[in-house]
Structures are given as C-alpha cells and as structure tokens.
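The block underneath contains the structure these notes are about, expressed in structure tokens.
Below, chain A is the first sequence line, B the second, and so on; all start at residue 1.
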Amino acid sequence: MRLATWNVNSVGARAPRVREWLEESQPDVLCLQELKCPAEAFPAEITDGLPYEVAAHGEGRWNGVAILSKVGLDDVVRGFEGQPGYAPPPGDPDSVLVTVEQAPVVEARAIGATCGGVRVWSVYVPNGRALDSPHYGYKLEWLAALRRALEAEVRSAGAFVIAGDFNVARTDADVWDPGAFTGSTHVSEPERSAVSALEELGLTDVVPRALKHGTPFTYWDYRAGMFHKNEGMRIDLVLVSERVVAGLKDAYVDREARKGKAPSDHAPVVIDFDL
DNA sequence: ATGGCTCTGTCACAGAGA
C-alpha cells in the first residue's frame with residue numbers, strides 16, 4: 001500500500017497539481033491538509049475519472065482536511081472527541097482558548113477513515129503563532145486532546161496511521177538552522193513532548209528519505225528562495241502502528257512536487273508498506 | 001534588516017501561515 005500526506009495550501013489553487021500528482025504517484029490513500037475551502041467546494045476535477053473516493057472536512061477560509069482513497073473509505077469521522085474549539089471574541093484582535101463546552105467553533109483540522117484495512121487520520125495541527133500567544137496553548141491542548149481521543153483506537157487497531165502537518169519540528173535536525181528558531185514555536189520542548197506523548201501510544205514516526213541534500217524537509221517558506229537554498233523544516237509527519245512498521249518498504253519526501261508552477265509550500269511525504 | 005511570498009475573502013487590503 002502507498003499512503004501519502006500533503007499540505008496543499010488551498011486545494012482550490014492546487015487542484016491541477018494535486019490531480020497531476022495523483023496520476024503520477026498513484027497513492028492508495030492521500031491525506032490532505034489546508035484545503036482552505038468548505039467540503040462541498042472540494043474540486044471535483046481532482047478525481048474526475050480517477051478511482052478515488054473523497055472524504056473532506058473543510059470551512060471557508062482556513063484549515064480543512066481530507067482523505068482520498070482508492071482502497072475503500074469507510075467509517076468517516078470528522079473531528080475528534082473532545083477536540084478543543086477556538087473563538088475570537090468580538091473586537092479582540094487576538095483570540096482565546098475556550099473549553100470544548102464553550103466552543104462556538106471547532107476548526108476543521110482532523111478527519112478519520114478506514115481505508116483498505118488501515119485506520120487513517122489526516123490532521124492539521126494548529127500553528128501556535130508565538131510562545132506567548134493564546135494560540136500556543138491551544139496547540140498544546142489540541143495535541144493532548146488528540147492523544148486522549150485516539151488512545152483506545154490506536155491500541156485496538158491493527159494497522160493505524162496518523163499523517164499530517166503537525167507544525168512541530170521534533171529535533172534540531174528537523175530545521176535548517178536551529179539558531180534561527182530560538183524563542184519560536186515549532187521547536188519548543190512542550191510541543192516536542194506533545195508529539196512524543198502521541199508516539200508513546202505505540203506509534204512510530206516514519207522518517208522519510210530525502211531525495212536531495214540528505215535532509216528530509218517537508219516545508220520550505222515561499223520567500224527569499226528558501227526552497228532553492230534548502231532552508232526547510234520537517235513538520236509533516238506520518239506516525240504508524242507496529243503492524244505498519246513491520247511491513248514498511250520505503251518512505252520518501254517528494255520534493256519534485258515543491259518545484260514548478262504554483263506549488264504548495266509543502267511537499268508530499270510518501271510511505272510504501274505491505275500488510 | 002523580523003522583510004522576503006501566497007492564499008482567501010473581498011475589491012485595496014487584512015489576516016494567516018511557520
């Protein structure tokens with residue numbers, strides 16, 4: 001089975017690139033993040049004439065996740081139990097974390113489905129913005145809540161995958177210059193611990209091969225030629241259960257998809273495994 | 001040098017991304 005994850009930074013703007021990539025790479029399952037559109041606006045031309053089913057969970061302007069599968073798409077779940085909500089108070093330029101009971105808005109950041117015998121989650125973890133921002137606490141709580149929600153499922157499922165944009169660089173080797181991230185989100189100890197806690201449920205972070213430079217980065221900022229200088233980060237992760245690890249054949253970052261006309265700022269991470 | 005680019009919603013920008 002071939003499974004991939006890709007933050008496409010607008011599935012509308014990226015529709016031709018996503019379709020082209022599906023045809024070339026032929027994944028059995030593709031997890032998408034940052035759709036930036038409602039589920040009903042998911043572009044049909046991405047899969048027209050191709051053997052994929054689509055389950056999307058989106059909202060108007062930001063966020064949005066989807067799972068595309070050609071090996072079945074069953075038991076679709078949008079969001080997870082206890083997922084924290086986030087609401088900007090009227091007139092407040094910043095926002096505050098609210099409890100799930102109070103939450104008027106639960107963002108479209110997680111979708112689960114069973115595909116060909118594998119339980120799959122596509123997740124888009126909140127950015128965090130800054131260490132002193134309320135969004136940072138929201139990010140940590142979001143990851144903690146994800147762990148609580150999926151614990152039983154991870155332990156009972158045979159083949160299980162959580163893939164997506166985690167917005168966390170797990171080690172200093174996962175950013176091009178650790179010094180550039182002093183005092184920033186994505187590299188802080190609490191963020192790294194929150195991902196490790198998820199992994200401790202019995203999952204393995206599949207570190208992909210880099211096809212160039214020896215650094216398996218998955219994201220490069222659009223600005224200042226950072227892709228061409230390989231100033232990137234590994235923040236898109238594929239966490240898999242033991243059953244998947246046992247059948248793992250290959251894993252790589254498809255940096256070719258970061259090139260060319262109108263690319264996403266992320267590249268797909270692809271894993272190949274037998275069950 | 002805290003910028004650089006790109007996206008959406010809306011129509012010249014603001015907000016977000018990481």
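- Among the protein residues, A/D165 comes within range of the sugar-phosphate backbone only, with heavy atoms under 4.0 Å from sugar or phosphate atoms but none that close to a base.
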Using a cut-off of 4.0 Å between protein heavy atoms and nucleotide atoms, how would you tag nucleotides 1-12 of chain B 5' to 3' with B, S and -? ---BBSBBB---

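- Atom OH of A/Y219 is separated from atom P of B/dA18 by 6 Å (rounded to the nearest Å).
- For A/H266, a side-chain nitrogen or oxygen approaches OP1 or OP2 of B/dA18 to under 4.0 Å.
- In this structure, A/W142 and A/V125 have side chains that are in contact, with non-hydrogen atoms separated by less than 4.5 Å.
- The interatomic distance linking A/F217 (CZ) with B/dA18 (C1') rounds to 14 Å, in whole Å.
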Show, in sequence, the C-alpha distance, side-chain angles and deciding distance for A/L203 and A/I162, and conclude whether the side chain to side chain contact (heavy atoms under 4.5 Å, CB included) test is met. CA-CA 9 Å; A/L203 299 170; A/I162 308 178; 3.9 Å; yes

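- The CD-P distance, from A/E34 to B/dA16, rounds to 13 Å in whole Å.
- Of the P atoms belonging to B/dA18 and B/dC7, the separation is 14 Å, rounded to the nearest Å.
- To the nearest whole angstrom, the two P atoms, one in B/dA14 and one in B/dG4, are 13 Å apart.
- Residues A/V270 and A/R2 have side chains in contact (heavy-atom distance under 4.5 Å, counting atoms from C-beta outward).
- Rounded to a whole angstrom, the distance from the C1' atom of B/dG17 to that of B/dT2 is 15 Å.
- If you check every strand for non-hydrogen atoms under 4.0 Å, A/D236 touches nothing.
- Counting non-hydrogen atoms under 4.0 angstrom, A/F181 reaches nothing in the nucleic acid.
- Shown here are the ring-ring contact (aromatic ring centres under 6.0 Å, His included) partners of A/F42, two or more places apart in sequence or in another chain: there are none.
- Under the 4.5 Å side-chain criterion, counting only non-hydrogen atoms from C-beta, A/W21 is in contact with A/P27.
- Side-chain atoms of A/R129 and A/H135 include a donor-acceptor pair closer than 3.5 Å.
- Note: CD (A/E231) to C1' (B/dA18) measures 14 Å, nearest angstrom.
- Distance CE (A/M233) to P (B/dG17): 14 Å, rounded to an integer number of Å.
- Separating the CG atom of A/N167 from the P atom of B/dG17 is a distance of 8 Å, rounded to the nearest angstrom.
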Step by step, would you call A/S133 with A/Y138 a side-chain hydrogen bond (donor to acceptor under 3.5 Å, both in side chains)? CA-CA 9 Å; A/S133 165; A/Y138 170 53; over 6 Å; no

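- On the C1' atoms, B/dG15 is 13 Å away from B/dT10, given to the nearest whole Å.
- Within the 4.0 angstrom heavy-atom criterion, no nucleotide atom of any strand lies near A/F166.
- With both ends at atom P, the span from B/dG3 to B/dA16 equals 15 Å, rounded to whole Å.
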